[in-house]
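Notes to accompany the following structure.
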Amino acid sequence: MKKHNIEMLISEDDVKARIRELAEMFSSKYKEEGAVLVGILNGSIFFLSALAQSMTIPVEIDFMAATSYEGTDSTGKVLVTKDLARSIEGRHVIVVEDIVDTGRTLSLLCDLMRAKNPASLEVVTLLDKPSRRTVGFKADYTGFEIPDRFVVGWGMDYNQLYRNLPYIGALDEKDL
Ligand code: IMP
Ligand code: MG
């Protein structure tokens, strides 16, 4: 198996501390009405787990999944491969994502979820690469803004590897 050079961008302690801050904020914001956390598979699994376990209010958890692929046009296509298991009508929804890159995935998934008439819908992403955006999408809460590097760890993968790294690492440009 090829070994990649991985540079640490954000330490495990820093990631965990930021997630605890976000969890505290959501716990107080939704303490009266509760919330449904919707994780976007597969990348959100570690962030969603840590966020949910640091929250001090009961939350429901559901998932959606999508794959994106480059078509012949430059807009790309996003295909939903797993829909929500339960209704979110009238519920307060917090969409949980690993990273916003072009913004295409969340832009589509949020439109689909808003059409189901939730009471409210907010997006939290662990990482944001604002320099890569191709569609007008902005998360409501961001863990960290990062430069245009390909990152792994905390659920994010390179060819399905490195999702389990406990810190955020960046791959060498020449390995990509
Ligand atoms: P989008 O371009 O904003 O639609 O991002 C689609 C998905 O690509 C993200 O949710 C991630 O799962 C994945 N992705 C984007 N940038 C990276 C990266 O640097 N490392 C790993 N996965 C990424
Ligand atoms: Mg993702």
Side-chain angles (χ1 to χ4, degrees), residues 1-12 14-15 18-19 22 26 36-52 61-85 88 93-115 121-176:
M1 196 165 69
K2 180 171 169 17
K3 229 175 156 340
H4 297 96
N5 272 326
I6 299 177
E7 176 197 342
M8 192 179 77
L9 276 193
I10 309 171
S11 73
E12 178 173 5
D14 286 353
V15 174
R18 182 71 182 115
I19 294 175
L22 291 164
F26 284 127
V36 184
L37 299 180
V38 174
I40 310 305
L41 295 173
N42 297 331
S44 71
I45 53 170
F46 291 95
F47 178 37
L48 181 132
S49 305
L51 186 71
I61 294 174
D62 205 343
F63 296 97
M64 279 187 88
T67 55
S68 54
Y69 53 92
E70 297 295 329
T72 47
D73 55 88
S74 61
T75 56
K77 293 254 186 312
V78 176
L79 190 73
V80 175
T81 54
K82 188 213 171 298
D83 204 348
L84 297 171
I88 53 169
V93 171
I94 305 170
V95 179
V96 182
E97 176 64 306
D98 51 357
I99 183 166
V100 183
D101 188 34
T102 65
R104 286 197 299 251
T105 307
L106 277 186
S107 160
L108 172 78
L109 294 183
C110 288
D111 283 352
L112 293 174
M113 282 186 258
R114 282 202 187 89
L121 185 146
E122 295 198 297
V123 174
V124 60
T125 183
L126 182 59
L127 302 181
D128 189 4
K129 279 195 250 186
S131 61
R132 293 257 310 161
R133 206 72 91 249
T134 59
V135 298
F137 179 85
K138 202 172 176 329
D140 299 285
Y141 305 96
T142 297
F144 302 90
E145 277 195 7
I146 59 163
D148 184 12
R149 299 283 303 273
F150 195 88
V151 291
V152 292
W154 275 90
M156 287 166 286
D157 72 300
Y158 175 68
N159 292 340
Q160 301 306 323
L161 291 175
Y162 307 122
R163 289 191 195 274
N164 57 321
L165 282 185
Y167 57 90
I168 305 288
L171 291 191
D172 242 340
E173 203 64 41
K174 62 175 170 10
D175 282 340
L176 296 174

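Both ligands and their constituent atoms are indexed starting at 1 by order of listing.
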Subset of ligand 1 atoms that lie under 4.0 Å from at least one heavy atom of D157 | 21 (C)
When distances are taken from atom 13 (C) of ligand 1, the protein heavy atom at minimum range is I99 CG2, 4.2 Å
E97: numbered ligand 1 atoms lying under 4.0 Å from its heavy atoms | 10 (O)
Below 4.5 Å, heavy atoms only, C-beta onward: do L127 and M156 meet side chain to side chain?
-> yes
Carefully, step by step, assess F46 and L126 under the rule side-chain contact (heavy atoms from CB on, under 4.5 Å).
-> CA-CA 10 Å; F46 291 95; L126 182 59; over 6 Å; no
May I ask whether atom 8 (O) of ligand 1 is less than 4.0 Å from at least one protein heavy atom?
-> no
For D98, take its heavy atoms, then give the atoms of ligand 1 lying under 4.0 Å from any of them.
-> 9 (C), 10 (O), 11 (C), 12 (O)
Under 3.5 Å, is there a donor-acceptor pair between the side chain of R133 and the main chain of D101?
-> yes
Closest D98 atom to the Mg ion (ligand 2) [N, O or S only] = OD1
Atom name, E97 (N, O or S, nearest to the Mg ion (ligand 2)) | OE1
Taking D62 for its side chain and V38 for its backbone only, find out whether a donor-acceptor pair lies under 3.5 Å.
-> no
Could you say whether the N/O atoms of S68 and ligand 1 ever approach to under 3.5 Å?
-> no
Rounded to the nearest 0.5 Å, what's the gap from CG on N5 to CG on L171? Could you check?
-> 9.0 Å
Report the nearest protein non-hydrogen atom to atom 15 (C) of ligand 1: residue, atom name, distance rounded to 0.1 Å.
-> D101 CB, 3.5 Å
Distance from F47 atom CZ to L22 atom CG, nearest 0.5 Å?
-> 5.5 Å
So the atoms of ligand 1 within less than 4.0 Å of a heavy atom of R149 turn out to be 19 (O)
For V151, is at least one N or O under 3.5 Å away from an N or O on ligand 1?
-> yes
Geometric N/O contact F150 with ligand 1, under 3.5 angstrom = no
Can a non-hydrogen atom of R133 be found less than 4.0 Å from any atom of ligand 1?
-> no
Indicate yes or no for a side-chain donor-acceptor contact from R18 to the backbone of G143 under 3.5 Å, with no hydrogens or angles considered.
-> yes
Measure from the side-chain N and O atoms of K129 to the backbone N and O of I99, and report whether any donor-acceptor pair falls under 3.5 Å.
-> no
Min heavy-atom dist K129 to ligand 1 below 4.0 Å | yes
Using a strict 4.0 Å cut-off to heavy atoms of T105, name the atoms of ligand 1 that fall inside it.
-> 1 (P), 4 (O), 5 (O), 6 (C)
Greater than 12 external heavy atoms within 6.0 Å of K138's NZ | no
Derivation of the side-chain contact (heavy atoms from CB on, under 4.5 Å) call for F144 and L9 | CA-CA 11 Å; F144 302 90; L9 276 193; over 6 Å; no
What distance separates I19 CD1 from S49 OG, expressed to the nearest 0.5 Å?
-> 9.5 Å
Go through ligand 1 atom by atom and flag the ones less than 4.0 Å from a non-hydrogen atom of T102.
-> 1 (P), 2 (O), 3 (O), 4 (O)
Option whose closest heavy atom lies nearest to atom 3 (O) of ligand 1, chosen from G43, G103, A66 | G103
